[in-house]
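Residue numbers begin at 1 in each chain, while the letters A, B, ... track the order of the sequences.
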Amino acid sequence: MSETTPGDAAAEAASEDPATTGDEEERSDVVLEVENLRKEFGALVATDDATFDVERGTITGLIGPNGAGKSTIFNLISGFYEPDAGTVRLNGDDVTGIEPYKIANRGLIRTFQTPRKLEGMTVREAMLIGPQRQPGESFHKLFTAPGAVGERERVNMEDVERILEEFEIDHLARQPATDISGGQMKLVELARAMLAEPEILLLDEPVAGVNPTLANKLAEQIRRLHEQGTTFLLIEHDMKFIMSLADPIVVLDQGSVLMEGTPEEVRNDERVADAYLGGGGV
Amino acid sequence: MSTITDPRGYWGELTGEERGVAGFLIAAVLVLLGLMLTGVLDPTYFLFLFGLGGMFGLMSLGLNAQWGYTGLINFSVAAFFGLGAYGAAIMTASNSPIAGDMNPIFGLLLGLVLTAIVAVAIGIPTLRLRADYLAIASLGLAEVVRLVILNEGQWTAGSQGLRGIPQFFEGWPVLSTLPETLPQVNIEMIPGRVVTLGLPFWRQLLNVSLVLAFMVVAYLVLRRAHRSPWGRVLRTIRADEDLAKALGKNTYFFKMQSFVLGCLVMALAGVFFAHLQLFVNPGNLDPTNTFYVWVAVILGGAGSNRGALFGGFVVVAIREGPRFIDQLPPAFLTEFPPEFLRNLEFITGDILFELPSIAISPGPLQLLLVGLLIIGIMRFRPQGVLPPQRELIWPDAVDEGVRQGPDSGVREQRGGESDE
């Protein structure tokens with residue numbers, strides 16, 4: 001999935017993009033477009049007309065002070081919240097407000113801020129949930145086509161072993177998924193998300209609560225996957241981490257996009273420093 | 001299979017829990033055999049109890065497929081059991097207002113179809129919501145189904161119940177006459193106490209083979225499903241539904257499948273019950289049965305098919321055991337406390353003096369035992385007696401060596417292979 005050549009994708013995006021504005025025609029290879037997205041919780045406007053794009057082949061960072069609405073935007077994009085206004089487009093298709101699993105099926109996979117524990121599963125079992133469209137997920141095929149189910153399961157198992165090795169956590173394969181550390185869990189989550197072969201991967205604070213060694217390892221993995229062609233959108237509070245990894249960076253403040261630019265521009269922007277209360281965070 | 005070809009190797013592969021349960025089962029079988037051979041327990045009656053055990057085992061299997069796999073809280077086990085029983089009865093009973101006197105196969109089909117329709121109908125509004133909504137709705141559903149059956153006499157004969165249900169295999173080519181052809185067997189282990197296995201025994205055996213067949217089929221289907229990617233999605237939903245959604249799984253559809261599948265297994269128990277008791281009435285939809293089934297699943301261990309079956313039988317033993325005390329021949333137990341305890345009176349003085357006047361009736365004792373059992377499990381073994389013991393991966397996909405060998409050594413060995 002992730003190996004779509006840039007040319008194809010560009011043509012696809014261009015052909016399905018007649019409605020977009022002139023600004024977007026210049027850089028038509030956009031995977032994800034967020035336009036005037038709005039979400040209110042009662043009187044609180046969590047997302048206030050946020051607009052930004054994620055171009056194919058980038059690691060786009062999404063930062064902002066606490067309460068800026070980063071996680072809300074993730075939930076809006078991935079379908080967990082329904083927006084009050086605005087649109088989300090994935091490869092040019094309007095996916096606003098459709099079910100999370102349908103968005104995932106279209107190649108957008110997300111992780112969660114707090115790693116989700118899968119009770120009663122080993123790490124490799126937990127990994128095997130990642131692959132999409134498994135024949136074994138259809139109940140009747142378990143009885144009508146057990147061969148195909150087994151064949152796919154074997155392939156998936158090999159993929160799991162390979163990817164765990166790439167992530168250097170293959171020694172955890174048969175550990176209970178609830179017994180590994182928070183940082184290892186984040187690695188497992190990232191590895192599992194890759195099994196879904198996403199076009200774009202949304203990571204919600206991938207290194208929150210992770211020790212520095214593991215954080216470096218995660219950064220390395222994200223870079224490696226990026227080089228292999230996956231597009232990333234990530235939220236992170238760790239400035240060193242995101243500044244070294246992401247380009248461009250989108251800065252959110254109070255639910256709307258404050259600015260967008262390279263790490264250098266973001267670092268030197270006064271508005272950003274103000275948003276972070278005198279620049280303490282930057 | 002390996003049980004037969006290599007019993008020692010099979011035993012060596014079992015986990016501690018499995019050995020414990022296996023030992024317990026062997027002991028229970030020996031005790032029951034002893035009781036039957038000495039004439040204390042009537043074999044025909046034992047078969048009836050075994051049938052009840054299988055029935056509860058089936059219901060627990062069904063509930064396990066809902067709660068144990070997917071985390072769906074279903075409080076209308078008794079209602080789906082009742083739908084199965086009434087489906088069977090309406091087609092076959094002699095006083096059925098609608099159909100009646102038909103081949104039990106049609107009853108089985110009607111029971112399953114009714115169940116599936118009701119399960120889908122209750123699932124549509126509730127399964128999109130969080131687990132609690134299904135719990136509440138199913139609690140109400142159980143009452144609705146019972147009241148409908150009680151009051152819609154033009155379909156169900158209301159409170160008088162449906163009578164004259166044939167045995168399931170009646171009218172079948174060979175099976176219906178098989179019991180008559182089997183010889184009468186007399187066993188005399190203790191002189192003067194003859195145990196006779198005659199026509200009633202063979203009839204009951206044939207009847208009970210139905211529940212065995214249901215159990216085997218349900219168990220095999222559920223085991224395969226549990227180990228499959230399908231089952232893995234259900235287990236993910238139980239742990240964290242949002243994660244399953246984020247990974248592209250249509251959780252609503254999976255929950256619906258799991259719910260309907262579980263309800264169908266419960267209905268099988270009902271179908272069997274109708275052909276065991278040969279009479280059904282609205283009282284059979286007693287909601288307490290729902291909670292006995294819950295106890296069975298919790299006892300066995302959530303997510304464990306074998307545990308659910310085990311729990312079903314244990315619950316029946318607890319339910320019927322105290323009742324059985326009354327039926328013991330006078331020589332065994334007439335009063336409480338027994339003679340030898342009362343002889344201790346002089347040691348403890350006044351306290352035991354009062355004891356002979358305590359009346360032990362089976363009803364309260366049964367509830368007391370169930371209560372103690374729940375408290376005991378929750379306190380000492382919240383995961384149940386036999387929680388899932390192994391990784392649940394489609395068997396073809398795991399190398400044989402991995403399944404049999406020890407954990408760590410095998411992984412190293414496999415690592416070595418892939419390096420080359």
Side-chain angles (χ1 to χ4, degrees), chain A residues 78-80 99-112 116-122 124-126 128-139 141-143 146-147 149-158 161-162 165 170-171 173-174 177-178 189 192-193 195-196 198 202, chain B residues 68-69 71 128 220-221 223-254 256-258 260-261 301-304 383 387-388 390-399 402 407-408 410-412 414-415 418-419:
Chain A
S78 56
F80 282 88
E99 297 242 20
Y101 79 89
K102 287 185 183 156
I103 295 180
N105 285 336
R106 285 163 180 250
L108 183 145
I109 299 289
R110 67 163 297 175
T111 64
F112 293 90
R116 308 288 173 127
K117 297 198 172 193
L118 291 175
E119 271 169 44
M121 291 195 198
T122 61
R124 60 178 188 177
E125 279 182 272
L128 281 169
I129 308 157
Q132 303 289 295
R133 297 177 196 85
Q134 302 183 34
E137 285 173 2
S138 127
F139 184 76
K141 279 194 187 146
L142 303 179
F143 302 94
V149 172
E151 185 53 40
R152 180 68 193 273
E153 184 93 331
R154 195 162 28 240
V155 171
N156 285 341
M157 190 62 125
E158 278 161 17
E161 273 160 19
R162 178 181 50 75
E165 251 166 60
D170 47 324
H171 56 286
R174 305 189 74 189
T178 41
E189 284 219 311
R192 176 172 55 213
L195 283 173
L202 273 61
Chain B
Y69 292 8
R128 283 189 198 276
L220 290 179
V221 167
R223 188 180 64 160
R224 175 171 286 199
H226 199 203
R227 278 192 200 165
S228 71
W230 184 82
R232 203 176 298 128
V233 175
L234 299 188
R235 290 185 293 142
T236 310
I237 293 173
R238 181 178 216 263
D240 186 338
E241 189 173 348
D242 281 349
L243 176 64
K245 282 185 189 165
L247 289 168
K249 318 299 180 194
N250 184 354
T251 55
Y252 168 69
F253 187 53
F254 280 101
M256 182 66 89
Q257 290 177 318
S258 152
V260 174
L261 180 67
S304 162
Q383 74 273 39
R390 293 178 178 79
E391 281 185 301
L392 294 162
I393 295 175
W394 193 260
D396 294 1
V398 195
D399 299 356
V402 179
D407 226 58
S408 54
V410 171
R411 191 165 25 75
E412 278 151 27
R414 283 166 59 77
S418 62
D419 280 346

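Heavy atoms of B:Leu261 lying under 4.5 Å from chain A belong exclusively to its side chain. For a residue to count as touching a neighbouring chain, one of its non-hydrogen atoms must lie under 4.5 Å from one of that chain's; by this rule A:Lys102 does not touch chain B. Looking at A:Pro131, the atoms closer than 4.5 Å to chain B (heavy atoms on both sides) all sit in the backbone: N, CA, C or O. The contact between A:Gln134 and chain B is made entirely by side chain atoms (from C-beta outward), counting heavy-atom distances below 4.5 Å. The part of B:Phe254 that comes within reach of chain A is its side chain, from C-beta onward, which places non-hydrogen atoms under 4.5 angstrom from that chain.
Side-chain atoms of A:Glu119 do not come within 3.5 Å of backbone N or O of A:Lys117 as any donor-acceptor pair.
Few gaps surround CZ on A:Phe143; more than 12 heavy atoms of other groups in view lie less than 6.0 Å from it.
No other option in A:Ile129, A:Asn105, A:Leu108 has as many heavy-atom pairs under 4.5 Å with chain B as A:Ile129. Ranked by non-hydrogen atom pairs under 4.5 Å with chain B, the options A:Gln132, A:Lys141, A:Glu151 are led by A:Gln132. With respect to chain A, the highest number of heavy-atom pairs below 4.5 Å among B:Arg238, B:Arg235, B:Lys245, B:Lys249 belongs to B:Lys249. Residue with the most contacts toward chain A among B:Gly248, B:Gly231, B:Ala225, B:Ala244: B:Gly248 (heavy-atom pairs, distance under 4.5 Å). Most heavy-atom pairs under 4.5 Å with chain A: of the set B:Pro229, B:Pro387, B:Ser228, B:Ala239, this distinction falls to B:Pro229.
Here A:Glu189 pairs with A:Arg192 in a salt bridge; the nearest charged N to carboxylate O distance falls below 4.0 Å. Checked for salt-bridge contact, B:Arg227 and A:Glu153 miss the test: no charged N lies under 4.0 Å from a carboxylate O. Using a cutoff of 4.0 Å between basic side-chain nitrogens and carboxylate oxygens, A:Arg152 and A:Glu137 are not scored as salt-bridged.
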Next item on the list: List the steps, then state whether side chain to side chain contact (heavy atoms under 4.5 Å, CB included) holds for B:Leu392 with A:Glu125.
Entry: CA-CA 7 Å; B:Leu392 294 162; A:Glu125 279 182 272; 3.6 Å; yes
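The six-membered or imidazole ring of A:Phe80 lies near that of A:Phe112, with a centre-to-centre distance under 6.0 Å.
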